[in-house]
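Notes to accompany the following structure.
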There are 2 protein chains.
Amino acid sequence: MREKTLEEYLGCPFHLAMNTLEGKWKFAILYVLLDKGTLRFKDLERAIPDISTRMLVKELKHLEEKKVIVRKAYAEVPPRVEYSLSEIGKSLSPVIDSISDWGKSYANSLSEK
Amino acid sequence: MREKTLEEYLGCPFHLAMNTLEGKWKFAILYVLLDKGTLRFKDLERAIPDISTRMLVKELKHLEEKKVIVRKAYAEVPPRVEYSLSEIGKSLSPVIDSISDWGKSYANSLSEK
DNA sequence: AGAAATACTCACATAATTGTTATTACTTCA
DNA sequence: TGAAGTAATAACAATTATGTGAGTATTTCT
């Protein structure tokens, strides 16, 4: 499938958003960054135990390129790299919250009946 | 990766929600169903032009099993099958809306600077 | 008679994701 | 002295996820 141009996405903000956030782990990363603020690489791995190192690297790189998160590296040993949300990234909190809220309702609706 | 039990998901509504909604096409399907109400299979294909028949079948089946959408088949020729959101499915509208809203902000933040 | 319409299903092919193990370089702690 | 800690990167195999192209059955329309 051909990658769409920005112009095409601009016509559909929902499409643009999903293109930026799609993938198995993006929402999970955003969830923990919103919750914890700033995290080092290793902390992210611990916060999302099921993700592989490779995938975490990939997803972080993607989100950084898309300007959703910010990477800050310190010249220390052992190395220290901190990840946090950009301003536009922080504005994802209503998205994450609404998903979390829906999850609660959904859990209730499943345990009823 | 081992599939988690419902009990494990219940501890984290966000996790439960994402497990239900993950995959490349779920949000797109929910988006059009929220917008259009009820759609036949072929209408869904037309509304989401990039999806393959196979994936649409799979995702619809998954969402039906998870009680998020409802499938209604009529004994006609040519066949008619209508898909719509369940009650809990309809309650996803804040999720879809917040994603759409974020997409707008994001598009603005990209065209600035 | 033949084409069009629908809601799939099937077999096969490619792409995405994961698991595993190893490596780097330097400092702190035991 | 030697292990632990960090943030990756790399190579390989294995497993999932997704895509492609074709086909089915039956009625209506041309």
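Whole-Å rounding puts the A:Ile51 CD1 to D:dA8 C1' distance at 14 Å. A straight line from CD of B:Glu22 to C1' of D:dT18 spans 14 Å, rounded to a whole angstrom. Taking atom CG on A:Asp50 and atom P on C:dT17, their separation rounds to 16 Å, with Å as the unit. Distance CG (B:Asn19) to P (D:dA17): 11 Å, rounded to an integer number of Å. As a whole-Å value, the separation of B:Met55 CE from D:dT16 P is 15 Å. Note: CG (B:Leu56) to P (C:dA7) measures 10 Å, nearest angstrom. Going from atom CZ of B:Arg54 over to atom C1' of C:dA15 covers 12 Å, rounded to whole Å. With rounding to whole Å, A:Glu76 atom CD is found 19 Å from C:dA25 atom P.
Of the candidates D:dG19, D:dA7, C:dT17, D:dG19 carries the atom nearest the B:Lys24 side chain, counting heavy atoms from C-beta on.
Note on ring orientation: taking the six-membered ring where Trp is involved, the planes of B:Phe41 and B:Tyr83 are tilted (angle from 30° to 60°).
The shortest distance between the side-chain N/O atoms of A:Trp25 and the OP1/OP2 oxygens of C:dA16 is not below 4.0 Å. Checking the phosphate oxygens (OP1, OP2) of C:dA7, a side-chain nitrogen or oxygen of B:Arg40 falls inside 4.0 Å. Residue B:Arg46 places at least one side-chain N or O under 4.0 Å from the OP1 or OP2 atom of C:dT6. At D:dG19, none of the side-chain N or O atoms of B:Lys58 fall inside 4.0 Å of OP1 or OP2 (strictly under the cut-off). The side chain of B:Lys61 places no N or O atom within less than 4.0 Å of a non-bridging phosphate oxygen (OP1 or OP2) of C:dC8. Within the 4.0 Å cut-off from OP1 or OP2 of D:dA8, at least one side-chain nitrogen or oxygen of A:Tyr83 is found. Contact annotation: B:Lys26 does not reach the phosphate of D:dA17 (side-chain N/O to OP1 or OP2, under 4.0 Å). OP1 and OP2 of C:dA7 both lie 4.0 Å or more from every side-chain N or O belonging to B:Arg80. When the side-chain nitrogen and oxygen atoms of A:Arg71 are compared with OP1 and OP2 of D:dA8, one or more of them lie within a distance under 4.0 Å.
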Distances for protein N or O near nucleotides 22-30 of chain D N or O, under 3.5 Å:
none

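A donor-acceptor pair under 3.5 Å is formed between the side chain of A:Ser111 and the backbone N or O of A:Ala107. Distance alone, capped at 3.5 Å, is enough to place a donor-acceptor pair between the B:Trp102 side chain and the A:Ile88 backbone. No donor-acceptor distance shorter than 3.5 angstrom exists from the side chain of A:Lys61 to the backbone of A:Val57, with no hydrogens or angles considered. In this structure a side-chain-to-backbone donor-acceptor pair under 3.5 Å is present from B:His62 to B:Thr20. When atom types are taken as modelled, the side chain of B:Ser98 and the backbone of B:Pro94 share a donor-acceptor pair closer than 3.5 angstrom.
For the pair B:Lys72 and B:Glu82, the salt-bridge criterion is not met [side-chain N within less than 4.0 Å of a carboxylate O]. Salt bridge A:Lys90/A:Glu87: present, at least one basic N to carboxylate O contact under 4.0 Å.
When each of B:Phe41 and A:Glu59 is assigned the nucleotide of DNA chain C bearing its nearest heavy atom, the one mapping closer to the 5' terminus is B:Phe41.
Using a 4.0 Å heavy-atom cutoff across all strands shown, A:Tyr74 reaches no nucleic acid atom at all. Residue contacts for B:Val57: at a heavy-atom cut-off of 4.0 Å it reaches a base atom on one of the strands shown.
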